Amino acid sequence: METLLAVLFLILGTASAHICLISPQQRGQIDISTSGSRTCFKHGFPCGGDAPADPQFILQAGQPAFIKWQQNYNHYEVGFPGYMDISYGPVNSTQESQWTVLAVVSDKYVFSQDYQENYTAIVTIPNTPCDHCVLRVRYNAHKAGEDTFYQCSDVHVSSNVRHVSPLKFPLTDSKDKALRGAAQLTQRKNNPKNVNGAESFYGEAYDPFNPSRTTYVQIDPTTGEKTSIKKMDFGLDGGNSQAGDTKYIADAVVGVDPVGKSTVFMFHGAGSLDVIPKQLLEIGLSNGSVLNTQNIPALDGTTAINGLAYVYPEHYLTFSLQEESAKPGNFYFVVGMLDHTGGWKMLAKTPTTENLYVNYQSMVFNRGKNLLHILMGNENAADALNARIYTFVVTPSTERFQGFRELDVSSFTFMSINVYEKTGQILAISPGLFTDTYPSYSLVEINPITGNVTQIMKVTPPGIFEKYYGGSVVNGLDQRTGQLKHVFRVADSEADVIASINIDSQSVTFSQITNLRHIHNIVHVPATP
Ligand SMILES: *[C@@H]1O[C@H](CO)[C@@H](O)[C@H](O)[C@H]1NC(C)=O
Ligand SMILES: *[C@@H]1O[C@H](CO)[C@@H](O)[C@H](O)[C@H]1NC(C)=O
Ligand SMILES: *[C@@H]1O[C@H](CO)[C@@H](O)[C@H](O)[C@H]1NC(C)=O
Ligand SMILES: *[C@@H]1O[C@H](CO)[C@@H](O)[C@H](O)[C@H]1NC(C)=O
């Protein structure tokens with residue numbers, strides 16, 4: 001009998017295995033390929049019995065860092081759920097009070113102990129440099145018969161790694177960038193603030209099972225929490241075409257008038273989906289009220305408006321592809337001016353047609369230099385993402401095409417551009433190359449004269465976020481504060497975060513983890529000073 005118990009205990013002992021710290025990678029060995037890995041099974045304060053190792057990771061003091069771990073076995077206790085936490089402390093600590101808890105995630109009832117799940121938390125690293133400190137994850141399951149599990153990673157915390165990378169967070173195994181994270185809600189949500197003059201985001205929530213409608217929502221910049229403002233009686237891209245209701249706004253064609261505090265969309269009122277959206281729809285930026293709908297009589301019925309850029313109150317520059325009737329498949333690029341009464345006139349047009357770089361992506365107006373830049377992709381380079389930047393001069397008295405430049409996309413590819421008026425820089429957020437699966441994102445500068453694309457800074461570490469060319473925010477560069485907003489998707493999860501990238505100081509902060517997958521046309525409204 002005694003032998004049998006001993007054998008049973010031994011089997012349980014080797015099969016039970018519970019938490020592993022993936023990034024920054026834990027001391028000692030790690031193998032998370034199967035549940036019950038013995039590398040995830042460590043008990044005992046402070047670090048599960050492992051001696052300190054030389055720090056392999058540099059973190060930036062006072063800055064956010066992404067901590068990724070795996071619950072390698074689940075020990076949920078019904079009636080007294082446990083938790084996992086991330087803490088930070090000195091090397092060679094002797095008591096628990098030396099540790100600071102940075103994040104806590106409650107345990108989840110998954111009805112099965114043999115269960116693996118990856119978690120990602122954003123924490124803020126304490127603002128004090130440290131040659132050798134420790135990041136620790138614990139799993140205190142409250143489960144009868146289970147002691148707390150520990151894993152530690154040795155880190156170096158510096159206040160001066162900004163120019164190397166704000167989040168230099170290397171995975172030791174550079175081959176395994178495929179971090180499949182099921183990110184969890186790790187921070188408590190506060191009620192969203194909708195204070196007048198405060199920074200905010202707005203967008204249209206889309207429900208594919210109710211395609212006749214969208215909901216205008218506000219998004220809190222800190223918590224990421226969404227608040228419904230107004231139900232709109234139109235859909236997005238096609239509307240409820242199956243039911244014959246084709247009232248919709250065209251996705252991703254948005255102009256924001258900061259003076260009139262309104263947003264302009266291209267609207268398809270009714271009829272066949274083969275008819276271009278020919279109306280302007282203007283809504284109140286903070287309340288979603290429909291302020292204005294106007295037909296645009298000057299649109300010839302074949303030339304859609306692909307892009308809008310605000311120029312001055314009630315006026316928007318437009319971009320269109322105009323097919324040459326005698327040469328199908330060949331297009332002039334046309335820049336026009338739209339006003340909110342529905343008036344439209346052509347301002348300038350390329351002198352020759354183009355049949356390859358006809359994939360419209362993004363446009364920005366550089367107010368200081370009166371230049372309109374348009375990013376066009378090569379229609380036959382879906383992976384290489386070859387691109388050109390086309391430039392038009394637009395002043396009250398002159399409008400003309402200035403030329404285009406092929407961009408160097410050998411290291412950085414992107415689908416949208418911004419302009420920082422203070423420096424005149426054209427900026428983009430890039431995941432690197434299309435082939436990078438779990439990329440590190442960078443802020444890059446695009447030179448429209450040489451075509452050079454240069455990295456300014458790394459924005460996110462590798463391994464955490466999905467490769468996704470969306471995520472740009474309309475009006476996302478706050479010209480007063482020099483902050484660029486961008487939405488990142490946590491890989492293999494439903495979670496998103498909004499990054500605020502400070503261009504001048506080259507630092508990044510993140511919102512709490514939220515979910516914005518169904519919110520389209522996210523518009524940034526900066527705080528009014
Ligand atoms: C931690 O303890 C080890 C072993 O006693 C020692 O070699 C090391 O110098 C200590 N580190 C610090 C930072 O005190
Ligand atoms: C957790 O992430 C690792 C990469 O670090 C990946 O190989 C593994 O499949 C993921 N596991 C789960 C359960 O998502
Ligand atoms: C909605 O916002 C717009 C633009 O700020 C404003 O003109 C309009 O009066 C507002 N409507 C309501 C009902 O508050
Ligand atoms: C642009 O890039 C090319 C090739 O990398 C380099 O030779 C050139 O100096 C760069 N030009 C500028 C203005 O940075």
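Read the numbers this way: they start at 1 and go in the same order the structure lists the ligands and their atoms. Here the structure is a predicted model, which means the values were calculated and not measured.
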Original post:
Going by the atom numbers of ligand 3, which of them fall below 4.0 Å from some non-hydrogen atom of Ser289?
Top reply: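 Listed by number with element: 1 (C), 11 (N), 12 (C), 13 (C).
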Original post:
Can you find an N/O atom of Asn287 closer than 3.5 Å to an N/O atom of ligand 3?
Top reply: yes
Aromatic centroids of [Y] and [X] separated by under 6.0 Å:
{"X": "His18", "Y": "Tyr139", "value": "no"}
{"X": "Phe41", "Y": "His43", "value": "yes"}
{"X": "Phe234", "Y": "Tyr248", "value": "no"}
{"X": "Phe488", "Y": "Tyr441", "value": "yes"}

Which protein non-hydrogen atom lies closest to [atom], naming both residue and atom, and how far is it?
{"atom": "atom 5 (O) of ligand 1", "answer": "Asn92 ND2, 4.8 Å"}
{"atom": "atom 4 (C) of ligand 3", "answer": "Lys261 O, 3.4 Å"}
{"atom": "atom 7 (O) of ligand 3", "answer": "Leu291 CD2, 4.1 Å"}

Subject >> Worked check of salt bridge (charged side-chain N to carboxylate O under 4.0 Å, His left out) between Glu199 and Lys485 >> reply: CA-CA 12 Å; Glu199 175 186 47; Lys485 308 290 175 175; 2.8 Å; yes
Using a strict 4.0 Å cut-off to heavy atoms of [X], name the atoms of ligand 2 that fall inside it.
{"X": "Ile32", "value": "3 (C)"}
{"X": "Gln116", "value": "13 (C)"}
{"X": "Gln70", "value": "1 (C), 11 (N)"}
{"X": "Ile22", "value": "5 (O)"}
{"X": "Lys68", "value": "2 (O)"}

Could you tell me whether [X] and [Y] make a salt bridge, using a distance below 4.0 angstrom between a side-chain N and a carboxylate O?
{"X": "Arg27", "Y": "Asp154", "value": "yes"}
{"X": "Glu494", "Y": "Arg489", "value": "no"}
{"X": "Glu96", "Y": "Arg138", "value": "yes"}

Under-4.0 Å heavy-atom contact between protein and [atom]:
{"atom": "atom 14 (O) of ligand 3", "result": "yes"}
{"atom": "atom 2 (O) of ligand 1", "result": "yes"}
{"atom": "atom 9 (O) of ligand 1", "result": "no"}

Original post:
Closer than 4.0 angstrom: is that true for some heavy atom of Ser262 and an atom of ligand 3?
Top reply: no
Original post:
Counting only heavy atoms not in Lys231, do more than 12 fall under 6.0 Å of its NZ?
Top reply: no
Subject >> Residues, nucleotides or ligands: over 12 heavy atoms within 6.0 Å of Glu77 CD >> reply: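 Yes, CD of Glu77 has more than 12 neighbouring heavy atoms, counting only those of other groups under 6.0 Å.
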Original post:
Is Asn118 in polar range of ligand 2, meaning some N or O pair under 3.5 Å apart?
Top reply: yes
